[in-house]
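In this chain, numbering begins with 1 at the start of the sequence shown. Just so you know, these numbers use all the heavy atoms, side chains as well, and skip hydrogens, waters and symmetry mates.
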Amino acid sequence: MFFEAKLQALRRDQNSARVVVFSIAAIFALGAANPAAAGGYQLRQHGAGAQATAIAGATAGAHGLENLFFNPAVAGLSERPEAALSATLIAPASEITGAQGSISATNVGGSTRLDDAMPNPVVPAFYAAAPLDAEVAGGGVSLGFSASAPFGLETDYGRDWQGRYHAVGTEVVTFNLNPMLAYRASDTLTLGAGVQAQYFRGVLSNAVALSGGSDGFVEVDADDWAFGFNVGALWTPVAGTRLGLAYRSAVDHSLDGQADFSAGVPFADTGARADITTPRSVTLGISQALNDRWTLLGEAQWTDWSTFDQLVVAFDNPGQDPDVTRQDWHDGWFASVGARYRASDALSVSAGAAYDWSPVPDDTLTPRIPDADRAWLSLGLDWTPEDWLRLKLGYAHLFMPARTIELQQGDPGNDRRGDLTATTDTDVDIVSVTFALRF
């Protein structure tokens, strides 16, 4: 009865309701402005609608405004000003077992098993779009904006495990601000382009083996702002069929910060630098309506992870050699299929499945990024109680097979880290909520 009364009150004064709901959204966005990193370098969690179909159809704009992250041409689908806010809880269940470390044939003491090395972050996203009255060369123009966290990672193993010379803590936090413009060239073709302003912060820590068998500790904290772009297109060749194609550029970061060494380590605190390039990607999506009730969805993405060949941290101290970690990643691929059923004018249900191939080779898998292939199963709800209000809920479970870490002291950069073998095993639950307002 309480919620029914509230809904009736909103109906009596829709303008006031919109102001109230949007204000709540803005407060929530500010409160969640620091997106904790997730258990993976690339994040695909950018809205509950896409989450419900395992991202299928996102580049084709099948889920509305939240698909601005995937394709800037989606701004051209907005018939009036609208905004959307999403929040996604990423809850990994991770463990490392059988950890065995050694340096120069001397065994490393410490824990061999860790049950939870990853936190449960909430990743926010915000989207807005509005058509403009002006026309260019006979076509309509729309503005769009997205604020998201396209990459993120956090692992924390503590200072007393057998792989501590390879990694103790790893944190990657990104913000991506993406203003964009969409041009409706015809009734069947919409083009879009945007500029990425991307913030990247990396925090890396590990133990350092000292003479006498004791440990020191080092933490590197560096960040940078850099720029890129994205372009996309939406094409409707026949009624009920929409194709989306999008390109997101690489963004070259020159991180600058500080390296802090604990007492006992034979190096003074010093400035530190690292070059990181977030990868470019090409994505294709399709939305195919079968009838008034059923829509089939699909998505495929190529990500240029092969440019990530090594991670080098350089120090301003001339007496400190650069820290090198070999990566040699290969290109990443992602594919998904999904379906949506419109149960009524106000309610739709969705489901999807996907497979995400890991770019990390077996011989360079490290505890900093304990990645693995991911199989997705997703489902969700999409409810529109009023023409100006849309609410979505999406859930996904990611199945990740166990992988073995096998690092050798003779590998590049591992002379001070030693050998490490361990088995890493992770599954992930993801819950996403989105609400959108039309003005």
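For the pairing with Met118, the side-chain contact (heavy atoms from CB on, under 4.5 Å) check across Leu153, Ile90, Thr155 returns one residue only, Thr155.
Judged by distance alone, the side chain of Thr364 and the main-chain N or O of Gln327 form a donor-acceptor pair under 3.5 Å. Put simply, the side chain of Asp156 gets close to the backbone of Gly158: a donor and an acceptor are under 3.5 Å apart. Gln288 places no side-chain N or O within 3.5 Å of a backbone atom of Leu296 that could act as its donor or acceptor partner. In this structure, the side chain of Asn71 engages the main chain of Thr59 through a donor-acceptor pair within 3.5 Å. Arg368 contributes a side-chain N or O that, together with a main-chain N or O of Gly169, makes up a donor-acceptor pair within less than 3.5 Å. No donor-acceptor pair closer than 3.5 Å links the side chain of Ser205 to the backbone N or O of Val218. Thr53 places a side-chain N or O within 3.5 Å of a backbone atom of Ala56 that can act as its donor or acceptor partner. In this structure a side-chain-to-backbone donor-acceptor pair under 3.5 Å is missing from Ser350 to Ala52. With Ser102 contributing its side chain and Val108 its backbone, the two residues share no donor-acceptor pair below 3.5 Å.
By the 4.0 Å N-to-carboxylate-O rule, Arg403 lies too far from Asp371 to be salt-bridged with it. Salt-bridge check for Arg342 with Asp292: failed, with every basic side-chain N at 4.0 Å or more from each acidic carboxylate O. Here Glu66 pairs with Lys392 in a salt bridge; the nearest charged N to carboxylate O distance falls below 4.0 Å. A salt bridge between Arg201 and Asp224 is absent, with no side-chain N of the basic residue lying under 4.0 Å from a carboxylate O of the acidic one. Salt bridge status for Asp115 with Arg113: present, with a side-chain N to carboxylate O gap under 4.0 Å. The pair Asp215-Arg159 does not meet the salt-bridge criterion, since no charged nitrogen lies less than 4.0 angstrom from a carboxylate oxygen.
In summary, the side chains of Ser86 and Thr434 do present a donor paired with an acceptor at a separation below 3.5 Å, with no hydrogens or angles considered. Of the N and O atoms on the side chains of Asp223 and Tyr199, at least one donor lies less than 3.5 Å from an acceptor on the other residue. When only modelled atom types and interatomic distance are considered, Arg184 and Ser142 share a side-chain donor-acceptor pair under 3.5 Å. For the 3.5 Å distance criterion, the side chains of Gln301 and Thr283 qualify, holding a donor opposite an acceptor. Checked by atom type, the side-chain pair Asn176/Gln198 shows a donor-acceptor distance below 3.5 Å. A side-chain donor-acceptor contact under 3.5 Å links Ser306 and Asp304.
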Side chain to side chain donor-acceptor pair (under 3.5 Å) assessment of Glu299 paired with Ser336
CA-CA 5 Å; Glu299 194 87 1; Ser336 66; 5.6 Å; no
Before you tell me yes or no, could you show the steps for Arg390 and Asp382 under salt bridge (Lys or Arg N to Asp or Glu O under 4.0 Å), namely the whole-Å CA-CA distance, both residues' side-chain angles and the distance that decides it to 0.1 Å?
CA-CA 7 Å; Arg390 189 175 182 182; Asp382 186 335; 2.6 Å; yes
Give the intermediate values and the outcome of ring-ring contact (aromatic ring centres under 6.0 Å, His included) for residues Tyr395 and His397.
CA-CA 7 Å; Tyr395 168 78; His397 184 81; 7.0 Å; no
Test log, rule side chain to side chain donor-acceptor pair (under 3.5 Å), inputs Thr88 and Ser432
CA-CA 4 Å; Thr88 301; Ser432 183; 2.9 Å; yes
Begin with the C-alpha distance, continue with both residues' side-chain angles, and end with the deciding distance and a verdict on side chain to side chain contact (heavy atoms under 4.5 Å, CB included) for Leu234 and Leu243.
CA-CA 6 Å; Leu234 291 172; Leu243 298 170; over 6 Å; no
Working note: Phe200 + Phe175, criterion ring-ring contact (aromatic ring centres under 6.0 Å, His included); need CA distance, chi angles, decisive distance, verdict.
CA-CA 7 Å; Phe200 191 109; Phe175 300 99; over 10 Å; no
Stepwise, does the side chain to side chain donor-acceptor pair (under 3.5 Å) test hold for Gln100 with Thr112?
CA-CA 6 Å; Gln100 297 290 332; Thr112 62; 5.3 Å; no
For side chain to side chain contact (heavy atoms under 4.5 Å, CB included), just list the numbers for Leu377 and Phe399, CA-CA rounded to whole Å, side-chain angles, deciding distance to a tenth of an Å, and then say yes or no.
CA-CA 8 Å; Leu377 289 177; Phe399 303 86; 3.9 Å; yes
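Taking 4.5 Å as the limit, every side-chain heavy atom of Ser254 sits out of range of all side-chain heavy atoms of Arg273. Here the side chains of Pro92 and Asn120 are in contact, with some heavy-atom distance below 4.5 Å. Counting heavy atoms from C-beta on, the side chains of Arg280 and Arg248 never come closer than 4.5 Å. Between Asp419 and Tyr165 the shortest side-chain heavy-atom distance does not fall below 4.5 Å. In this structure, the side chains of Gln258 and Val220 stay at 4.5 Å or more apart for every pair of heavy atoms. Contact of the Leu437 side chain with the Leu389 side chain is registered, since non-hydrogen atoms from C-beta on lie closer than 4.5 Å. By the 4.5 Å heavy-atom criterion applied to side chains, Val324 and Gln310 are counted as neighbours. You'll find the side chain of Asn230 reaches within 4.5 Å of the side chain of Asn178, heavy atoms only.
Considering NE2 of His63 and CG of Leu68, their distance stands at 13.5 Å, rounded to 0.5 Å. Going from atom CZ of Arg374 over to atom CG of Asp356 covers 6.0 Å, rounded to the nearest 0.5 Å. Rounding to the nearest 0.5 Å places CG of Leu407 at 5.0 Å from NE2 of His166. For the atom pair Trp357 CH2 and His330 NE2, the distance stands at 12.0 Å (nearest 0.5 Å). Interatomic distance, Thr277 OG1 to Asp252 CG, rounded to the nearest 0.5 Å: 4.0 Å. Residue Ile103 holds its CD1 atom at 10.0 Å from CG of Asn414, rounded to the nearest 0.5 Å.
The two residues Arg242 and Ala60 have their closest heavy-atom pair at NE-O, 2.7 Å. When all heavy atoms of Leu65 and Ser78 are compared, the pair lying nearest together is CD1-OG, 4.1 Å. In terms of heavy atoms, Pro72 sits closest to Gly232 at CG-N, 3.7 Å. Residues Ala182 and Gly76 share a closest heavy-atom pair of CB-N, 3.4 Å. Nearest heavy-atom pair across Thr295 and Ser287 is CG2-OG, 3.5 Å.
A 6.0 Å sphere centred on CH2 of Trp302 holds more than 12 heavy atoms belonging to other residues, nucleotides or ligands. At most 12 non-hydrogen atoms from other residues, nucleotides or ligands lie less than 6.0 angstrom from CD of Glu79.
Ring geometry for Phe334 against Trp376 counts as perpendicular: the plane angle is over 60°, on a 0 to 90° scale with 30° as the lower cut. Ring orientation note: the planes of Trp305 and Trp329 are nearly perpendicular, at an angle over 60° on the 30°/60° scale. Relative orientation of the Phe70 and His46 rings is perpendicular, given thresholds of 30° and 60° on the angle between their planes.
Aromatic pair Phe217/Phe261: ring centres not closer than 6.0 Å.
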